[in-house]
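Each residue takes its place number in the sequence, starting with 1. Both ligands and their constituent atoms are indexed starting at 1 by order of listing. Only a predicted model underlies this, so the values are computations on that prediction, with no experimental measurement involved. Atom set for the values below is all heavy atoms of this structure, side chains included, hydrogens, waters and symmetry mates excluded.
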Amino acid sequence: MYYFIVNPNAGSRKGMRFWEEIKKYLMEEGIDFREMLTRGQGDAERYVRRITRRHCPDVITVVGGDGTLHEAASGMEKGAEAKLAFVPAGSGNDFARGIGYSIDPIERVRSIVSSCSVRPLDVGDLQSKEGSGSFLVSSGIGYDARVCHMVNHAKSKKFLNRLHLGKLTYLEIGLRGLLSAKLFSMRLILDGAREQLFSDVLFVSIHNLPYEGGGLKFSPGAVPDDGFLNLCIVAGISKRKMIPLLTKVPAGKHEGCPGVYSLRCRKAEFYMDEPQYYHMDGEVPGQSSHVTISVNTRGLELLG
Ligand SMILES: Nc1ncnc2c1ncn2[C@@H]1O[C@H](COP(=O)(O)OP(=O)(O)OP(=O)(O)O)[C@@H](O)[C@H]1O
């Protein structure tokens with residue numbers, strides 16, 4: 001059976017618009033399907049868990065944004081026979097952009113229903129006393145996580161999203177967050193062996209895929225099936241120099257600039273001198289002064 005888990009509100013109702021188009025296509029092609037609409041946080045995970053517990057060779061397609069895909073992937077039971085697939089319909093779509101998926105819903109569904117092999121992908125795991133979890137796209141500590149936290153709680157977000165001006169929220173909060181950011185010191189242990197000290201750190205961005213925040217190319221070299229995570233650390237320069245540096249990020253031209261450290265690892269431990277906000281795919285569990293991340297090689301398989 002083809003199951004479609006749809007977040008109708010993803011991408012300011014793009015989820016619902018795409019789903020109407022997909023439904024029409026499936027009916028024209030005579031493909032049997034079942035629709036499951038999410039109503040809020042946790043629904044996608046619960047639906048996937050319920051389907052995969054039956055151990056049938058179903059195809060579960062998520063129509064929504066990166067957040068809904070993340071939830072659905074978390075609901076896959078170990079050893080499930082069902083396959084997961086994705087039609088991007090979010091506002092940020094960093095997963096689709098990074099992996100090279102088409103943003104045309106019908107093209108995506110065609111690829112899913114005609115495919116019989118899955119693509120194995122890495123997943124990032126994050127451990128912290130304050131809250132652990134996984135990330136498909138990226139994780140971060142410091143400034144970028146604090147911006148996520150502020151955006152997630154911004155009253156203007158829903159209103160601007162409706163006007164397709166969601167990026168303005170990021171810009172305004174990004175600038176405000178930079179001016180009020182408190183730089184921190186950090187000890188980093190890479191792959192259990194190499195130790196490095198950083199002072200005046202603005203943020204660490206940890207990537208399985210190159211983009212975050214709706215198209216910001218923080219880690220141009222991140223590859224989702226190479227068994228590695230890519231780190232981008234911004235540290236050791238004045239805030240005045242950070243503003244022109246951050247304007248280079250959308251095009252990925254910040255790498256190699258003074259104050260930018262690009263590293264690759266399978267595991268990294270971060271010890272901060274003070275608790276810092278951290279995020280996993282934009283969700284912020286809280287603040288921590290000790291975070292460990294590692295790569296779960298082939299932690300996700302996607303059809304099509
Ligand atoms: N019907 C719903 N209405 C509002 N929120 C929902 C609904 N269903 C699920 N959600 C929640 O909305 C969150 C964000 O949705 P999603 O990621 O699909 O869209 P987006 O934020 O527009 O896209 P992106 O993450 O790519 O920017 C999900 O993680 C989920 O918890």
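Taking a 4.0 Å cut-off on heavy atoms, Asn7 registers as neighbouring ligand 1.
Residue contacts with ligand 1, taken as heavy atom pairs separated by less than 4.0 Å, involve Thr68 via backbone and side-chain atoms alike. Residue contacts with ligand 1 for Gln41 involve both N, CA, C or O and side-chain atoms from C-beta outward (heavy atoms, distance under 4.0 Å).
Salt-bridge check for Glu274 with Lys182: passed, with a basic side-chain N closer than 4.0 Å to an acidic carboxylate O. Note on Lys83 versus Glu301: no salt bridge recorded, every NZ/NE/NH1/NH2 to OD/OE distance being 4.0 Å or above. A salt bridge does not link Lys24 with Glu20: every distance from a Lys NZ or Arg NE/NH1/NH2 to an Asp or Glu carboxylate oxygen is 4.0 Å or more. At a threshold of 4.0 Å, the pair Glu172-Arg176 counts as salt-bridged, since one of the basic side-chain nitrogens sits closer than that to a carboxylate oxygen.
The distance criterion of under 3.5 Å between nitrogen or oxygen atoms is met by Gly92 with respect to ligand 1. Note: an N/O pair closer than 3.5 Å links Gly65 and ligand 1 by distance alone.
Of the candidates Glu283, Arg13, Arg39, Glu71, it is Glu71 that places a heavy atom closest to atom 31 (O) of ligand 1. Comparing heavy-atom distances from atom 21 (O) of ligand 1 across Ser91, Pro88, Ser12, Ala72 singles out Ser91 as nearest. If you check each of Ile5, Val137, Leu37, Asp66 against atom 25 (O) of ligand 1, the one with the closest non-hydrogen atom is Asp66.
Every pair passing side chain to side chain donor-acceptor pair (under 3.5 Å) that includes a residue from residues 28-37 is listed here, sequence neighbours excluded: Trp19-Glu35, Lys23-Glu35.
Taking a cut-off of under 4.0 Å to the non-hydrogen atoms of Ala10, the atoms of ligand 1 that pass are 18 (O), 19 (O), 22 (O). Within the listing of ligand 1, atoms 17 (O), 25 (O), 29 (O) sit less than 4.0 angstrom from a heavy atom of Gly67.
With ring centers used as reference points, Tyr261 lies under 6.0 Å from Phe198.
Judged as a ring-ring contact (aromatic ring centres under 6.0 Å, His included), and not counting sequence neighbours, Phe228 has no contacts.
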